[in-house]
Engineer: 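If you scroll down you'll find the structure; I have some questions about it.
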Amino acid sequence: KFVKEHNEKAQADYNNHFDQMRIDRARHRFKVKDYKGALDIYKTVEHKTLLNDLDKKTIEYCKRHA
């Protein structure tokens with residue numbers, strides 16, 4: 001049971017890390033004014049809880065300007 005719980009936690013940590021990398025990539029796209037690219041990347045984030053308020057505002061901005 002311990003191994004199963006450990007594996008599940010490790011998988012969740014990996015997924016969160018992968019999503020955080022996506023978020024960072026989307027932020028970079030936004031900074032270089034690639035709004036459609038940023039929006040496309042934000043859409044691939046599975047764990048929406050990782051998005052902060054600024055990310056949510058950025059997504060809305062991208063929707064208006066893409």
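Start at 1 with the first residue, then count along the sequence. Computed from heavy atoms alone, side chains included, the values below leave out hydrogens, waters and symmetry copies.
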Engineer: Would you say the side chain of Asp13 lies within less than 4.5 Å of the side chain of His17, judging by non-hydrogen atoms?
Structural biologist: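 With C-beta onward as the side chain, the pair stays apart.
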Engineer: Please check if the side chain of Asp19 supplies one atom and the backbone of Val45 the other of a donor-acceptor pair under 3.5 Å.
Structural biologist: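 Answer holds: no.
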Engineer: Within the structure provided, determine whether His28 and Asp24 are in side-chain contact (heavy-atom separation under 4.5 Å).
Structural biologist: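 Answer no - side chains too far apart.
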Engineer: Is it the case that over 12 heavy atoms from other parts of the model lie below 6.0 angstrom from the NZ atom of Lys48?
Structural biologist: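 Correct, the count exceeds 12.
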Engineer: Rounded to the nearest 0.5 Å, what separates atom OH in Tyr42 from atom CZ in Arg25?
Structural biologist: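 Output value for this atom pair is 12.0 Å.
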Engineer: What is the minimum heavy-atom distance between His65 and Tyr35, and which atoms define it?
Structural biologist: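 Closest approach of His65 to Tyr35: CB-CD1, 3.8 Å.
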Engineer: Between Glu60 and Lys57, is the closest basic N to carboxylate O distance under 4.0 Å?
Structural biologist: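 Answer for the salt bridge query: no.
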Engineer: Please step through side-chain contact (heavy atoms from CB on, under 4.5 Å) for the pair Leu54 and Arg27, ending with a clear verdict.
Structural biologist: CA-CA 10 Å; Leu54 183 59; Arg27 289 173 181 164; over 6 Å; no
Engineer: Can you name the closest pair of heavy atoms from Ala38 and Cys62 and give their distance?
Structural biologist: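 Shortest heavy-atom separation between Ala38 and Cys62 comes out as CB-SG, 4.0 Å.
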Engineer: Please check if Ile41 and Leu51 belong to a single hydrophobic cluster, counting links between Ile, Leu, Val, Met, Phe, Trp and Tyr side chain heavy atoms closer than 4.5 Å.
Structural biologist: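 No, separate clusters.
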Engineer: Are the aromatic rings of Tyr61 and Phe30 close, with centres under 6.0 Å apart?
Structural biologist: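 Yes: the rings meet the under 6.0 Å criterion.
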Engineer: Verify the distance criterion only: is there a donor paired with an acceptor across the side chains of Gln11 and Asn7 at less than 3.5 Å?
Structural biologist: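 No, no side-chain donor-acceptor pair sits under 3.5 Å.
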Engineer: About how many Å separate OG1 of Thr58 and CZ of Arg29, when rounded to the nearest 0.5 Å?
Structural biologist: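 So the CZ of Arg29 and the OG1 of Thr58 are separated by 15.5 Å.
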Engineer: Quick check against the 3.5 Å criterion: does Arg22 have a side-chain atom that pairs as donor or acceptor with the backbone of Thr44?
Structural biologist: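 A pair under 3.5 Å: yes.
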Engineer: Going from NZ on Lys36 to CG on Asp34, what distance comes out if it is rounded to the nearest 0.5 angstrom?
Structural biologist: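 Result: 8.5 Å between the selected atoms.
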Engineer: Testing the basics here: between Asn16 and Leu50, what is the closest heavy-atom pair and its distance to 0.1 Å?
Structural biologist: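 Shortest heavy-atom separation between Asn16 and Leu50 comes out as O-CD1, 3.5 Å.
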Engineer: Looking at CD of Gln20 and CG of Asn15, how far apart are the two atoms once the value is rounded to the nearest 0.5 Å?
Structural biologist: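 Answer for the CD-CG pair, Gln20 versus Asn15, is 13.0 Å.
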